[in-house]
Amino acid sequence: MRKLVVLLTFLTLLIAPAALAKDDNTIIVGLQAEPVTLDPHQITDFNSSRAAKGMFNSLVEFAQGSTDLVPGLATSWEVSDDGLTYTFHLRKGVKFHDGTPFNAEAVKFSIERQIDPNHPYHDTGEFAYADFTFGMVKEVNVIDDYTVEIVLKEPFAPFLANMAMHSASIVSPTAVKKYGADFSKHPVGTGPFKFVKWTPGVEVIQESNPDYWDGEPEVKRVIYRPVLEDQARLAELEAGKLDFIVNIPPDDLDRVKKLKGIKVQEQPGMHVWYVVFNTQKEPFNDPRVRQAVNYAIDKKAIVDGILQGTGVLAENVLPPVVWGYNPNVKNYPYDPVKAKQLLAEAGYPNGFKVTLWVPEGGSGMQQPVAMCTAIQAYLSMVGIQAEIQQFEWGTYLDKVFVDDYESMAEMHVMSWIGDNGDPDNFLYILLSSEQWPPYGFNEAFYKNPEVDRLLRQARVTSDVVKRTELYKKAQELIMADAPWVPIDHETQIVAMDERIQGFKLHPTGVFRFEKVTIKK
Amino acid sequence: MFRYIVKRLLWLIPVLLGVTVLVFSIMHLSPGDPAKILLGPKATQEALEQLREELGLNRPLYIQYFTWLGNILTGDWGRSLQLKREVLPLVLDRFKATAILTMTSIIIATVIGVISGTVSATKQYSWLDRLGMLISLVGFCLPVFWLGILLQLFFGLKLEWLPMTGMYSPGSEGNFTDLLLHLILPSLTLAAGAAAVIARMTRSSMLEVIRKDYIRTAKAKGLSQSVIIYRHALKNALIPVVTVVGMQVGFLLAGAVLAEMVFSWPGIGLLMVNGILARDFPLVQGSILLVATSYVFVNLLVDLLYVLLDPQIAYD
């Protein structure tokens, strides 16, 4: 018995310091899963982009909290009248974390590494976003040490926004040459935080960059930890072992908001969740049938009942945080009577049978099974028998991005998370007939020549006012054609220790701690 | 004995070959294209084609299999498609974490199981026996993720005694006591089911043994109860228990993935699940091969333990 007491005392002594060991200038972030890579040019997932963002800059940056563009590693830029040549004037005296000076050569290296198959360092990674970001680039010219010129093949208005994406981050050429394919494990950029250590499955540690061009951050250390279980992550925040977490389970949101010492921040995301019709196949080749389904589904009930405040009702295909959003376009109200009437007009007074493909989960898919079960129930009320077929995410992607619409179900669900804050990134990419799979993401196989014309024109016009008009018009036409049932825009929700001051959520979903302070 | 071990080790070859064929075919026959998952939904058709070519996914399956097998034999376990790291050091490193967790759990489960099983058997139908068996029934039925979350909330959040997730404190270099503290909750969670099975096995085996003639003889000789139980009965009762413990190691290796999930334990189970979702063929194949090999070795070890426990068993 005495031995037991001694042992317990000993253990208590061990535990006590562990609880106190937290450092005041450190932010420990609980991520949903392990980052896959820290090479910004290779990132395709949120966990990696969140863990990597602090270490890198791009020529143009998104402003804190919005997708407005502000100077980053370029202090200013000009666009030629024909919209083909972008000249960037670079910030002087900036050094990468490894001491390499930042200059025009580094910019050229960072872009060409991704797009030129003959570049000596092209084989140091797989650059999934290269074509999306730089597909329109003809050449990158170094004018002098601090001036770089990027020439496009054709005018492409969203280009500047692309230059703020993670794939446009400027990396240290010395480090890429030194580490090769292992650069993803030894990331070197110019950002406010420097890479310290990555223990796979455990954590990524970064420390503040004392030489950061915009001033050393007050937060001295940021640790990104994958904590997979939502409940465990929340419990760790409540216990003070994590300072900042993502993905609060909807059922817990209300309780977390009331917790002492913890604050919750929300922002409607650059995201849309939607039901896709196979518009080339019966019965959904008839717009009246598509409209009927739009009327038949009570979207608000799904948002309130299932998502419980983790999403806002979509009025439109475009999320309201993206410029060019047309506030006059309204989603179809819930009106089953009208739905039945339209179905009867289209020759389906007794409804019909369709298949609805649903993934079990997936990036941006929220709660697909619960949401689709509700959709199925709403459809049955107007006589449409939808048979749900469930797939695991990887399998699902394989089934929906195919060129053969005949092989696809009549309906499936999808979500889209914006990349660069440009309306083109939603409207053209998802709804232009130039973007039919497998080359693009218009899985509805939607085609309206007038919409195509508007979207193409907006793509090559550099005047933002004119582009806004074009996009607003396109949204009206698209919503009338109803190739989708837009359901919601996912709300970004984070919870953090209330001592963290000045944090702003960003529509792209990355976390930026460089301007954050910690109240003592 | 030596011949037996050699024979068993030779048997490993067909077993593991079978495992490789199985793993390889399951991974490659399941739908989902690794190139598409790897490059994300925003990749172009050309990029996908190029990557498939680079990864050798365009070649016939049997060629892919033999290439992979050949590489495995020469120590080249390939590179993880998703994590872009060498598979062998990655799976070995992660397996270490799983092995620590599993071994701690099996030790805890065996100690608890054997003690409570023995107590139950010697005090059959007493309240202690009933309570022990009730607890073991509950322990067996509790799902790992539920018990895990409950323990986290109680010992981590409410009492603040123990860390809830991870293997070491964040940002620390990690020392032994830190590891022990982080081990307590996940290993208890994982041990619960196994302890229950072992307890029940020990009890029934013990009950059988204490009714044997030689125990009656021992009693008649006037030996004390504890000598009878611990020297004569337990050792003989343990043979079926050892078998069960060996099997439990297999279950725990498989079940560890759930505990690893709940406790964010950086083990191989977690790595495998992510690998499967990403269709990361080299990673999943490597992980399963390693786990299967270790399981086969544990089985061999169990068979050898019989000899120590019961000299009547001899292998030729």
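Below, chain A is the first sequence line, B the second, and so on; all start at residue 1.
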Which atoms of [X] come close to chain B, meaning under 4.5 Å heavy atom to heavy atom: side chain ones, backbone ones, both, or neither?
X	value
A:E392	side chain
A:P226	backbone
A:Q231	side chain
A:K399	neither

Answer with side chain, backbone, both or neither: which region of [X] has an atom nearer than 4.5 Å to a non-hydrogen atom of chain A?
X	value
B:L277	both
B:Q82	both
B:L81	backbone
B:I149	side chain
B:M167	neither

Here the pair of heavy atoms bringing A:A239 nearest to B:M164 is CB-CE, 3.5 Å
Quick one: closest heavy-atom pair of A:E203 and B:G171, and the distance? OE1-N, 2.8 Å
Of all of B:V262, B:L153, B:N274, which one pairs up most often with chain A through heavy atoms under 4.5 Å apart? B:V262
Could you check whether atom [atom1] of [X] has more than 12 heavy atoms from other residues, nucleotides or ligands sitting under 6.0 Å from it?
X	atom1	value
A:K197	NZ	yes
B:F251	CZ	no
A:E360	CD	yes

Among A:I205, A:I28, A:V202, which residue meets the side chain to side chain contact (heavy atoms under 4.5 Å, CB included) test with B:P170? A:I28
Given side chains that start at C-beta, do those of [X] and [Y] come closer than 4.5 Å, heavy atoms only?
X	Y	value
A:T395	B:R279	yes
A:R233	B:S264	no
B:T165	A:R225	yes

Hey, which of A:F391, A:Y396, A:F127, A:W198 has the most heavy atom pairs under 4.5 Å with chain B? A:W198
Quick check for you: among A:D39, A:V36, A:D45, A:I429, which has the greatest number of heavy-atom pairs under 4.5 Å with chain B? A:V36
Is it true that B:R94 and A:E34 have a side-chain N and a carboxylate O under 4.0 angstrom from each other? yes
